[in-house]
K.L.:
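I have a structure I would like to understand better, so I am pasting it below and will then ask my questions one at a time.
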Amino acid sequence: MSDRRIHIVAAVIGDHAGRSLLVRKHGAQVFQQPGGKREPGDADDLATLARELREELGCELVAGSASLLCRCSAPAANEPGYVVEAVVYVVQVTGTITAQAEIAELHWIDPAAPDVPVAQLSRENILPLL
Ligand SMILES: Nc1nc2c([nH]c(=O)n2[C@@H]2O[C@H](COP(=O)(O)OP(=O)(O)OP(=O)(O)O)[C@@H](O)[C@H]2O)c(=O)[nH]1
């Protein structure tokens, strides 16, 4: 039987106004946390996160800034029949955040009142913790 779980490492990035950054990938309808799947060359979760933040946002994870928020799961936003299982860290980043090639759109939301469609994992498991 095939494994219908997608394991990801995800980031919560906040600003001084209490807003939180979400991304929408090309072809996706909903916004989700920055982050992604671990690759074989990644030493650990934070290496995955640093690579994904660079690839998606063009910024750098500040060493030592990551704090585990939660582990959670939900139906995957873009892969019908799959469940996403996430390890979620609150992180600080440095550098200018800019949508890189794989990202269609960035959006800062009020976690208590998102004004864009948000993936279930974020909506039900992550944003309520912020
Ligand atoms: N990164 C991320 N993925 C999520 C979230 N919520 C959620 O359902 N997913 C699901 O997990 C899938 C895998 O994430 P991803 O596409 O960001 O991973 P990746 O960059 O490593 O993949 P790729 O290199 O194959 O494009 C997404 O397509 C989506 O269906 C979320 O908050 N963040």
Side-chain angles (χ1 to χ4, degrees):
M1 211 169 85
S2 64
D3 186 355
R4 292 187 164 263
R5 290 174 299 173
I6 301 170
H7 296 272
I8 64 161
V9 187
V12 170
I13 299 172
D15 71 3
H16 294 300
R19 298 179 307 168
S20 193
L21 183 65
L22 298 181
V23 303
R24 185 174 65 78
K25 295 196 136 185
H26 289 290
Q29 304 300 313
V30 297
F31 285 77
Q32 62 182 20
Q33 307 305 131
K37 300 188 275 277
R38 191 157 167 172
E39 288 186 354
D42 296 337
D44 55 24
D45 282 354
L46 296 184
T48 300
L49 208 50
R51 178 182 50 72
E52 290 285 350
L53 295 178
R54 211 174 292 129
E55 290 175 2
E56 295 183 352
L57 305 175
C59 64
E60 293 296 319
L61 174 65
V62 174
S65 73
S67 152
L68 180 66
L69 178 69
C70 66
R71 293 173 188 271
C72 52
S73 67
N78 304 321
E79 295 83 1
Y82 281 75
V83 168
V84 60
E85 297 198 344
V87 187
V88 186
Y89 293 88
V90 177
V91 302
Q92 306 288 326
V93 297
T94 184
T96 306
I97 294 173
T98 315
Q100 303 297 298
E102 66 189 75
I103 300 300
E105 208 178 343
L106 303 177
H107 196 70
W108 292 90
I109 57 146
D110 172 353
D115 57 349
V116 290
V118 177
Q120 186 171 337
L121 183 83
S122 298
R123 198 176 65 244
E124 294 188 353
N125 300 96
I126 301 173
L127 301 186
L129 301 178
L130 304 181

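Just so you know, ligand 1 is whichever comes first in the structure, and atom 1 is the first atom listed for that ligand.
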K.L.:
Testing the basics here: between Ala43 and Ala47, what is the closest heavy-atom pair and its distance to 0.1 Å?
P.N.:
N-CB, 3.7 Å

K.L.:
Which residue holds the protein heavy atom closest to atom 14 (O) of ligand 1, what is that atom called, and what is the gap in Å?
P.N.:
Ile8 CG2, 4.0 Å

K.L.:
Among all protein heavy atoms, pick out the one at the shortest distance from atom 15 (P) of ligand 1; state its residue, atom name and that distance to 0.1 Å.
P.N.:
Lys25 NZ, 3.4 Å

K.L.:
Find all atoms of ligand 1 within a distance of less than 4.0 Å from any non-hydrogen atom belonging to Ala76, and give their numbers and elements.
P.N.:
8 (O), 30 (O)

K.L.:
Can you tell me the protein heavy atom closest to atom 31 (C) of ligand 1 and the distance?
P.N.:
Gln32 CB, 3.4 Å

K.L.:
Looking only at heavy atoms, which two atoms of Pro111 and Arg19 are closest? And how far apart?
P.N.:
CD-CA, 4.4 Å

K.L.:
Between Ser122 and Gln32, does any side-chain donor sit less than 3.5 Å from a side-chain acceptor?
P.N.:
no

K.L.:
Which protein heavy atom lies closest to atom 11 (O) of ligand 1, and at what distance to 0.1 Å?
P.N.:
Val84 CG2, 3.8 Å

K.L.:
When you look at CD of Glu39, are more than 12 heavy atoms from neighbouring residues, nucleotides or ligands closer to it than 6.0 Å?
P.N.:
yes

K.L.:
Could you tell me, atom by atom, which parts of ligand 1 come under 4.0 Å of a heavy atom of Ser122?
P.N.:
32 (O)

K.L.:
Would you list the atom pairs, donor with acceptor, under 3.5 Å between side chains in residues 73-98 and any protein atom, with sequence neighbours excluded?
P.N.:
{"residue": "Tyr89", "atom": "OH", "partner": "Asp45", "partner atom": "OD2", "Å": "3.3"}

K.L.:
Do Val30 and Ile6 land in one hydrophobic cluster if side-chain heavy atoms of ILVMFWY residues count as linked below 4.5 Å?
P.N.:
no

K.L.:
Could you work out, for atom 29 (C) of ligand 1, the closest of Glu56, Glu85, Glu102, Glu79 by heavy-atom distance?
P.N.:
Glu79

K.L.:
Starting from atom 32 (O) of ligand 1, locate the nearest protein heavy atom and write down its residue, its atom name and how far away it is, to 0.1 Å.
P.N.:
Gln33 N, 2.9 Å

K.L.:
Looking at ligand 1, does any of its N/O atoms fall within less than 3.5 Å of an N/O of Ala77?
P.N.:
yes

K.L.:
How long is the gap from CD1 on Ile126 to SG on Cys70, to the nearest 0.5 Å?
P.N.:
5.5 Å

K.L.:
Mark the output for Glu52 as yes if a heavy-atom distance to ligand 1 is under 4.0 Å, and as no if none is.
P.N.:
yes

K.L.:
Against ligand 1, does Gly35 come closer than 4.0 Å with any heavy atom?
P.N.:
yes

K.L.:
Using side-chain contact (heavy atoms from CB on, under 4.5 Å), reason through Glu102 and Glu55 one step at a time and then give a plain yes or no.
P.N.:
CA-CA 8 Å; Glu102 66 189 75; Glu55 290 175 2; 3.9 Å; yes

K.L.:
Please report which non-hydrogen protein atom sits nearest to atom 21 (O) of ligand 1, along with the residue it belongs to and the distance in Å to one decimal place.
P.N.:
Lys37 N, 2.8 Å

